[in-house]
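Comments concern the structure below.
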Amino acid sequence: MNTDISAIREVLLARIETLDDKASILRSPELKQLFAGIKDQPAEKRAAYGQAVNAVKVELEEIVARSQEKADDRAPIDVTAPWDVNATLSLLIPTTHGTVHPLTQEIEKIADIFARMGFAVSESREIDDQYHMFETLNFPKGHPARDDYDTFMTVETDKDDDPFIAPAHTSTMQNRALVAGRAKLEAGEPIAVVVPDRVFRNEDLDARHEHTFYQVEGIYVAQGVHAGMLIATLQKFLESYYGTELEVRVNPFYFPFTEPSFEFALSCPFCGAKTEDNSKGGDPNCKVCSGEGWIELLGCGMIHPNVLKAADIDPNEYTGFAFGCGIDRLVMMKYGIEDVRHFESAKLDFLEQFS
Ligand code: DAH
């Protein structure tokens with residue numbers, strides 16, 4: 001072997017013993033220098049010189065490979081060692097991920113409360129007809145209250161030449177729930193159904209009005225149902241949802257499908273203030289009730305006899321109550337959300353607060 005090569009080999013073998021990163025020897029200037037020298041050899045010696053240089057490199061590579069095997073031997077993985085699951089997962093899982101929409105989360109809570117009170121939970125639909133939107137609810141054709149609903153209608157019409165509609169309230173499901181529940185009444189059981197779902201209105205949009213929002217409809221029919229049962233049911237529901245005791249106020253109102261009809265207000269869950277005569281009594285700085293102390297929340301009443309008749313239920317034998325409550329409003333009040341449009345805005349900084 002060329003004396004240069006053997007001298008350099010000795011140097012490299014001595015050095016590799018001292019290195020932590022043994023593979024770095026393969027990048028050493030001495031080894032490079034040996035390889036660079038190949039081309040300077042006279043033609044007849046070049047092949048032997050090249051082989052000798054290569055042998056040094058192979059020898060070093062073997063030492064590197066052996067040292068790596070040893071390192072592996074030295075540090076077996078201890079699967080029983082304590083470890084930080086979250087630290088490991090955070091390396092594997094992206095830190096941002098989707099969450100259930102806040103309204104969906106709240107609808108589940110609302111449905112759960114009513115289910116515990118014995119109500120079945122049903123769904124509405126996204127296209128419906130005039131019959132369920134108006135006729136079965138005691139709004140005959142030409143009734144002026146039809147105009148209150150700012151209903152979206154289709155260009156196409158049904159067999160009666162009426163346009164289809166995007167339901168403007170969950171009350172469209174009343175007739176269906178009553179018809180489906182008739183057999184229960186005959187079996188001596190009440191009809192008790194809630195329908196939380198999406199509704200649509202062609203409204204001017206602002207912080208309190210959206211074209212797409214959610215309501216929960218409630219229907220309860222049996223023998224001897226009276227308005228006291230309606231008020232107690234709604235009060236219990238609201239107290240359970242807000243997790244606090246509340247005072248309620250019931251004012252007369254008008255809906256074609258209930259008689260009598262009421263508007264239901266509750267004492268503000270934030271400032272909770274009220275006075276004996278129900279006049280202004282809230283905290284003047286309360287952003288939710290503007291110092292009123294009361295919040296008008298939902299419509300309700302005793303189901304009109306014509307609505308029962310439209311479902312072939314005898315109003316002389318059975319009575320019932322119904323209510324319809326805006327879910328967006330309920331949720332806005334719970335969390336102090338000031339603009340209803342946030343819900344449909346897909347703004348991540350808003351949505352991520354509810355993860
Ligand atoms: N459907 C009504 C609305 O959207 C709310 C309502 C009022 C529903 C009274 C009811 C009720 O079931 O009895 O304005």
Side-chain angles (χ1 to χ4, degrees), residues 110 114 119-126 128 130-139 143-152 165-179 181 190-203 208-222 225-235 237-238 248-266 295-308 310-311 313 315 318-330 340:
I110 291 166
F114 280 116
F119 286 80
V121 181
S122 178
E123 287 184 339
S124 180
R125 47 187 69 204
E126 302 208 335
D128 212 326
Q130 306 277 323
Y131 180 71
H132 291 94
M133 175 74 205
F134 295 123
E135 257 125 87
T136 57
L137 291 169
N138 195 35
F139 297 78
H143 194 294
R146 284 190 178 209
D147 295 339
D148 293 343
Y149 284 86
D150 301 313
T151 319
F152 286 112
I165 49 114
H169 56 179
T170 42
S171 305
T172 47
M173 296 306 289
Q174 280 201 17
N175 179 260
R176 295 187 179 96
L178 293 173
V179 170
I191 300 174
V193 181
V194 289
V195 185
D197 218 328
R198 204 182 340 223
V199 295
F200 311 90
R201 289 194 196 172
N202 188 6
E203 292 196 292
R208 291 162 68 92
H209 297 93
E210 252 292 15
H211 50 69
T212 301
F213 56 101
Y214 287 81
Q215 290 187 330
V216 55
E217 188 79 11
I219 302 149
Y220 186 87
V221 181
V225 176
H226 55 79
M229 296 159 86
L230 163 64
I231 294 165
T233 302
L234 288 174
Q235 177 159 2
F237 159 66
L238 291 168
V248 299
R249 189 174 71 175
V250 181
N251 285 338
F253 205 73
Y254 172 74
F255 297 102
F257 36 94
T258 40
E259 181 57 40
S261 304
F262 310 109
E263 208 170 42
F264 202 90
L266 74 157
I295 295 166
E296 297 291 353
L297 197 62
L298 55 88
C300 58
M302 300 304 293
I303 297 178
H304 194 289
N306 286 350
V307 174
L308 293 174
I313 293 174
Y318 300 102
T319 51
F321 64 74
F323 57 86
C325 176
I327 292 178
D328 306 59
R329 189 91 191 274
L330 215 60
V340 66

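Counting starts at 1 for both ligands and their atoms, following the listed order.
The distance from ligand 1 to the heavy atoms of Phe255 drops below 4.0 Å at these ligand atoms: 7 (C), 9 (C). Which parts of ligand 1 touch Gly301 is read off a 4.0 Å heavy-atom cut-off, strictly below it: atoms 13 (O). Each of the following atoms of ligand 1 lies closer than 4.0 Å to a heavy atom of Gln174: 12 (O). Of all atoms in ligand 1, numbered sequentially from 1 with element shown, those under 4.0 Å from a heavy atom of Gln215 are 3 (C), 4 (O). Near Thr258, meaning under 4.0 Å from one of its heavy atoms, ligand 1 places the atoms 13 (O). Close contacts between ligand 1 and Arg201 involve ligand atoms 3 (C), 4 (O), 14 (O) [criterion: under 4.0 Å to a heavy atom]. Residue Gly324 approaches ligand 1 through these ligand atoms, each under 4.0 Å from one of its heavy atoms: 6 (C), 8 (C), 10 (C), 12 (O).
Between the side chain of Thr258 and the backbone N or O of His304, no donor-acceptor pair lies under 3.5 Å. Looking at Arg201, its side chain never comes within 3.5 Å of a backbone N or O of Glu210 through a donor-acceptor pair. Remark: the backbone N or O of Tyr254 is not paired with any side-chain donor or acceptor of Ser261 at under 3.5 angstrom. A donor-acceptor pair under 3.5 Å is formed between the side chain of Thr136 and the backbone N or O of Tyr131. A donor-acceptor pair is defined here as one N or O able to donate and one able to accept, closer than 3.5 Å; such a pair exists between the side chain of Glu217 and the backbone of Ser171.
Residues Glu123 and Arg198 are not paired through a salt bridge, judged by the lack of any N-O separation under 4.0 Å between the basic side chain and the carboxylate. Between Glu263 and Arg249 there is no salt bridge, since no side-chain N of the basic residue sits under 4.0 Å from a carboxylate O of the acidic one. Of the charged side-chain nitrogens involved, none lies within less than 4.0 Å of a carboxylate oxygen, so that Asp328 and Arg208 do not count as a salt-bridged pair.
Residue contacts with ligand 1 include Tyr149, since one of its heavy atoms falls under 4.0 Å from the ligand. Using a 4.0 angstrom heavy-atom cutoff, Met173 does not count as in contact with ligand 1. The closest approach between Phe257 and ligand 1 falls below 4.0 Å for a heavy atom of the residue.
Taking only non-hydrogen atoms, the option from Glu217, His169, Met133, Glu259 nearest to atom 12 (O) of ligand 1 is Glu217.
Contact annotation: for Cys300 versus ligand 1, heavy atoms closer than 4.0 Å belong to the backbone alone.
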